[in-house]
**Student:** 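The structure is given below, and queries will be raised subsequently.
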Amino acid sequence: MIMKCDKQITDLMHEYLDGHITKKDEQTLRSHLQTCPACQEHFHELKRAISLVKANSDLRPSSSFTSQVMNNLPKERKRIGVQRWLRMHPLLTAAAIFFVMMFGGVYSAWDQDHQLSYPKGKNLVVEDDTVIVPEGVRVDGDLVVKNGNLKIDGEVEGNVVIINGDHLMASTGNISGEIKQVNEIFEWLWYHIKDISRSIFDMTSK
Amino acid sequence: MMMETKIKEYIKLVKKGDQAAFEEIVLFYQSKVFAICFRMIGNRHEAEDIAQEAFIRAYVNIHSFDNKRKFSTWLYRIATNLTIDRIRKKKPDFYLDAQVQGTEGLDLYAQIPADQALPEEEVESIEIQSYIQQEIMNLPAKYRSVIALRFVDELSLIEISEILEIPVGTVKTRIHRGREALRKRLRHV
């Protein structure tokens, strides 16, 4: 039954059925089939098997198929809407993120330190919650005092900032720069914003 | 060709959040996806279940679909992967892989005498259809996936290799062996 030609010729049959056969191989196959009834039968059976499987392939899903898929889709329109908005307004998004982070950070800084703070190592004297620049002492550069009052009897070569406290005037005191007093959260914020923008401009101007 | 560009338009709409546009995609591909799943799993109910899941996954992951590629390749890959997973999870399949290499020999369906099969004029009949499907089910799952893709949608060997992520040479071997197996099983039908 099994002829010598089988393997080589059936390979050609499959290549023909794959649609990947060279003209030369197709010619070989054709001329062989004309002379070999066994291969002819084989080829016929292959084609028949294919047509049987294909004839069967107008399989249809149930008529509710599409509606069932649509009903089971996740309801994510809102999320997509938000995503799309964010993508379409990158500048506003960046600004929103910037403000959330900045206010958050600044607020927590405000919330956290209620302790008296002042620059150390400048010969300043502290009495209760008052920081004193004693007579004869000269502070070079800016002076920032948080959560306390400031009394200047000596000299300050720069700006003075008092956060959450008062400036107790002393006639003898001498400040070369400005005095800023910050008591409310919004002023604190404003001070920070100015501070940040000043450092940004400093950076860009360098 | 026209349809492929239309589908691409619908995909763009879906990506923008237009859920209704996805319905057109489902309507267009439902029969083919269902038929591929059915050829592989052999059960209408399961095939429908898997095909629906395939569409839902396609929808959820639509942003990962590259519009420069062919949509059907991507969709069929989701469907065949889901079906292969389902076949693996099923109980040991006593008839599926029992007769792997020897496409001849005894198995459950080969024992049905050939002349009990229905006459040729009734090729369309349900009985013949289920008989053919049973013969396909006798092939190992890896042959069924190739056969399903080749005969349901006439896909090229290259497309099949992209869908199943296997080399073209492997696709070729499996199609050839699958055809031979079906020839032997269906010669008396």
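The analysis underlying the following values was restricted to heavy atoms, covering all of them including side chains, and did not include hydrogens, waters or symmetry mates. Remember, it's a predicted structure, so these values are computed and weren't measured experimentally. Chain identifiers are assigned alphabetically (A, B, ...) following the order of the sequence lines, protein sequences preceding nucleic acid strands; residue numbering begins at 1 within each chain.
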**Student:** Give me the one residue out of Arg57(B), Arg77(B), Met40(B) that meets side chain to side chain contact (heavy atoms under 4.5 Å, CB included) with Leu82(B).
**Tutor:**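 When Arg57(B), Arg77(B), Met40(B) are each tested with Leu82(B), the side chain to side chain contact (heavy atoms under 4.5 Å, CB included) holds only for Arg57(B).
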**Student:** Answer yes when Arg48(A) and Glu45(A) have at least one side-chain N-carboxylate O distance shorter than 4.0 Å, and no when they do not.
**Tutor:**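 So Arg48(A) does not pair with Glu45(A) through a salt bridge.
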**Student:** Which answer fits Ser62(A), side chain, backbone, both or neither, if we ask what part of it has an atom under 4.5 Å from a heavy atom of chain B?
**Tutor:** both
**Student:** Please confirm whether the ring centroid of Phe55(B) lies under 6.0 Å from the ring centroid of Phe65(A).
**Tutor:**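 Distance test on ring centres: under 6.0 Å, yes.
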**Student:** Of the backbone (N, CA, C, O) and the side chain (C-beta and beyond), which part of His44(A) lies under 4.5 Å from a heavy atom of chain B, both, or neither?
**Tutor:**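 Contact with chain B is absent: no heavy atom of His44(A) under 4.5 Å.
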**Student:** Please classify the contact between Phe22(B) and chain A as side chain, backbone, both or neither, with a heavy-atom cut-off of under 4.5 Å.
**Tutor:** both
**Student:** Using non-hydrogen atoms only, which part of Ala148(B) is less than 4.5 Å away from chain A: side chain, backbone, both, or neither?
**Tutor:**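 Contact with chain A: none, neither part.
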**Student:** Carefully, step by step, assess Glu24(B) and Lys6(B) under the rule salt bridge (charged side-chain N to carboxylate O under 4.0 Å, His left out).
**Tutor:** CA-CA 10 Å; Glu24(B) 301 296 333; Lys6(B) 230 176 174 182; over 6 Å; no
**Student:** If you measure only the distance, is there a donor-acceptor pair under 3.5 Å linking the side chains of Asp11(A) and His176(B)?
**Tutor:** no
**Student:** What residue, out of Arg44(B), Glu53(B), Lys32(B), has the most heavy-atom pairs lying under 4.5 Å from chain A?
**Tutor:**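 Among the listed options, the one with the most contacts to chain A is Arg44(B).
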